[in-house]
Amino acid sequence: MTSKSILLFALSVLGIISAKAQEKTVLSLNDAVQIALSKSDESKLADSKVNTKSFELQSTKMKQYPDLKISGQYYRLTNADVNLKSTQEASSTPGNASANTSPKVNQLILGQANLGIPLFSGFKIKNSIALSDNIYKAEMANASYTKENLALRVIEYYASLYKAQKSVELLDENLISSNQRVKDFLAMEENGLLARNDLLKAQLQSSQIELSLAEAKKNVKLLNFNLITLLKLDSSTEIEVSPENVDANLFNFKPSSENEAMQNRKDLEAIHFQEKALEAGVKVAKGDYYPSVNLVAGYTTLDLQNVVRVENAMNFGVGVSYDLSSIFKNGKQVKAAKSRLEETHFQEAALTDQIKSQIVEAQENYTLAQKQDELYKQSVLQTIENYRIVKDKYDNGLVDTNDLLEANVQDLTAKINQAYAKANVVLKYYELLNANGQLTQSFNSINK
């Protein structure tokens, strides 16, 4: 193989590698949402919080089981003087010379086993479990709500990225034709067929389009970076968004009624469980008004060297404790618990009204987006025809440069607006599902 052939082969390989490096990733909206729900930090954090509340619930349930404690001690004593009553009595007996001698004691061994079974604690254990269980359910609802908003963020990024990429495409096409117009005008100006002022207007329009193109490219890079960061994709990934990225059958998922929406909304469900948890919290606070009753049992073994040895010392009975000061001190805690519960009542009422407003607004926005899409489709056809007519008149000297450039701007603006309207229809549709609490549900229906 000649050196020239080797060089051509190397260049072709580099060309293939470069082309692959510049390829854009086609990722459906459904796949992007599923990746976000499974890999994003926000989704993992939400799941981690649920796991934490689950462990806390399990820990609270353990309080209803018996407590069994085993302990053992070994003490080394330093020449302890031990006087037993029996020894003292023996020492008073005449003729008993050895009675005054103390036993040598230098160690103590003590072993104990204690069992406590709660019989009654003012219903605090039962209500503490109910409190923890409802907090756990509230956290699960919060996690679902977080994932709903996460899915909506992915959709917003897709819609914005589509708008930016479509703007780049349209501006790039328009810049080519605008630059060609400048070349034509320049040749006409040099030949005295066009006023310099008209050439400057064409050049100014090209500069403005170029600035808009640079802004659109910047937006593409920024939105793409934010999206791949959210999806935990490689930093070199470039996602291409098009209408084909959106699964067509997603639009078959119909928004629910207002009553169903109230049941679907996870933020409302979360505050509902928080309310039930606080109700249990009030009962827990009231539990301090009652005594605690426990069944107790124990086993003790003791060995005091050369003095006493106790084995199989078993005991059992009932223990009762009551904090009399709680009658006076606990009233404030109960009032605080009731106040927190009252706050939640107002929060739930305010959130319910807010959700109703969101549903109405989302429905109106979706209806408007559909209307705008239809109008902009007609607008594009009108501006295309208008530009054709104005261009024909300009070529025949019936209109001036201002009319031609204005018609061109109107045509470009209408095409960009049409692209934006197409993206808004999708975005507003999903915002409507989000307001109805059905966003992740709609994507899950696709994967079944």
Side-chain angles (χ1 to χ4, degrees), residues 25-51 137-165 222-233 237 239-257 260-271 351 354-355 357-359 361-363 365-366 369 420 422-448:
T25 301
V26 178
L27 188 66
S28 73
L29 182 58
N30 179 40
D31 291 339
V33 169
Q34 296 304 324
I35 291 173
L37 295 180
S38 61
K39 294 185 177 181
S40 69
D41 291 333
E42 293 180 31
S43 179
K44 291 181 179 179
L45 176 60
D47 290 336
S48 180
K49 288 181 178 180
V50 171
N51 291 334
K137 292 176 180 177
E139 196 60 54
M140 286 196 298
N142 281 327
S144 298
Y145 183 64
T146 297
K147 292 179 180 181
E148 283 267 331
N149 291 332
L150 185 60
L152 184 60
R153 280 179 57 195
V154 173
I155 295 167
E156 289 172 346
Y157 278 137
Y158 255 64
S160 298
L161 188 56
Y162 173 76
K163 293 176 183 179
Q165 289 178 347
L222 182 60
L223 291 167
N224 185 82
F225 175 80
N226 290 337
L227 181 57
I228 63 173
T229 300
L230 180 63
L231 300 181
K232 296 298 180 181
L233 299 177
T237 305
I239 296 179
E240 181 178 4
V241 180
S242 66
E244 288 73 25
N245 293 142
V246 181
D247 301 274
N249 52 349
L250 287 177
F251 288 94
N252 296 328
F253 195 90
K254 302 301 181 183
S256 60
S257 64
E260 292 173 335
M262 292 300 173
Q263 298 176 356
N264 293 332
R265 285 292 293 255
K266 296 301 180 180
D267 50 346
L268 189 60
E269 181 180 336
I271 203 169
L351 181 59
Q354 182 181 349
I355 290 173
S357 178
Q358 289 176 354
I359 294 173
E361 182 179 3
Q363 181 63 61
N365 286 338
Y366 178 53
Y420 283 18
K422 186 183 294 293
N424 279 334
V425 170
V426 177
L427 177 60
K428 298 306 177 183
Y429 169 75
Y430 285 120
E431 286 181 352
L432 176 59
L433 292 184
N434 182 63
N436 284 274
Q438 297 175 286
L439 188 54
T440 54
Q441 183 182 350
S442 66
F443 284 100
N444 291 335
S445 66
I446 296 300
N447 300 316
K448 291 182 180 180

Exercise. Given the rule in the side chain to side chain contact (heavy atoms under 4.5 Å, CB included) test, do Phe443 and Ile155 qualify, once you have shown the distances and angles that lead to the verdict?
Worked result: CA-CA 12 Å; Phe443 284 100; Ile155 295 167; 3.9 Å; yes
Exercise. Quick one: does Leu432's side chain get under 4.5 Å of Asn365's, heavy atoms only?
Worked result: no
For this session: Write down the atom of Ser43, the atom of Ala36, and the distance for their closest heavy-atom approach.
Result: CB-O, 3.7 Å
Problem set entry | side-chain hydrogen bond (donor to acceptor under 3.5 Å, both in side chains) partners of Ser242, counting only residues at least two apart | Glu244
Seminar exercise, completed: OH of Tyr420 to CG of Leu427, rounded to nearest 0.5 Å, is 13.0 Å
For this session: Please examine the side chains of Asp267 and Ile271, heavy atoms only from C-beta on, and report whether any two atoms are closer than 4.5 Å.
Result: no
Exercise. Among all residues two or more places apart in sequence or in another chain, which pass the side-chain hydrogen bond (donor to acceptor under 3.5 Å, both in side chains) test with Gln358?
Worked result: Arg265
For this session: Please answer whether the main-chain N or O of Leu433 pairs with a side-chain N or O of Asn264 as donor and acceptor at a distance below 3.5 Å.
Result: no
Exercise. Quick one: salt bridge (charged side-chain N to carboxylate O under 4.0 Å, His left out) pairs with a partner in residues 137-154, sequence neighbours left out?
Worked result: Glu42-Arg153, Asp47-Lys147, Asp133-Lys137
Exercise. Are Val425 and Tyr429 close enough that some pair of their side-chain heavy atoms sits under 4.5 Å apart?
Worked result: no
Exercise. Rounded to the nearest 0.5 Å, what separation is found between the CG atom of Leu230 and the NZ atom of Lys39?
Worked result: 12.5 Å
Problem set entry | Atom of Ala435, atom of Ala362 and distance for their closest heavy-atom approach | CB-CB, 3.9 Å
Exercise. Would Lys49 and Leu45 count as a side chain to side chain contact (heavy atoms under 4.5 Å, CB included) if you check the C-alpha gap in whole Å, the side-chain angles of each, and the deciding distance to 0.1 Å?
Worked result: CA-CA 6 Å; Lys49 288 181 178 180; Leu45 176 60; 4.1 Å; yes
For this session: Look only at the side chain of Thr146 and the backbone of Asn142, and say whether a donor-acceptor pair between them is shorter than 3.5 Å.
Result: yes
Seminar exercise, completed: Those residues at least two apart in sequence (or on a different chain) that pass salt bridge (charged side-chain N to carboxylate O under 4.0 Å, His left out) with Lys232 are Asp41
Problem set entry | Sequence neighbours excluded - side chain to side chain donor-acceptor pair (under 3.5 Å) pairs with any residue from residues 154-163 | Lys163-Asn424
Exercise. Is there a donor-acceptor pair under 3.5 Å between the side chain of Ser40 and the backbone N or O of Leu37?
Worked result: no
For this session: Please say which of Leu227, Ile228, Thr229 ends up in a side chain to side chain contact (heavy atoms under 4.5 Å, CB included) with Leu231.
Result: Leu227
Seminar exercise, completed: Sequence neighbours excluded, the answer for side-chain hydrogen bond (donor to acceptor under 3.5 Å, both in side chains) partners of Gln165 is none
Problem set entry | Pairwise side-chain contact, Asn30 with Gln34, heavy-atom cut-off 4.5 Å (strictly under) | yes
Exercise. Got a donor-acceptor contact below 3.5 angstrom from the Asp31 side chain to the Leu27 backbone?
Worked result: no
Seminar exercise, completed: Tested for side chain to side chain contact (heavy atoms under 4.5 Å, CB included) against Gln438, the lone hit among Asn436, Asn434, Thr440 is Asn436
For this session: Could you go through the side chain to side chain contact (heavy atoms under 4.5 Å, CB included) check for Leu233 and Ile239 one step at a time?
Result: CA-CA 10 Å; Leu233 299 177; Ile239 296 179; 4.1 Å; yes
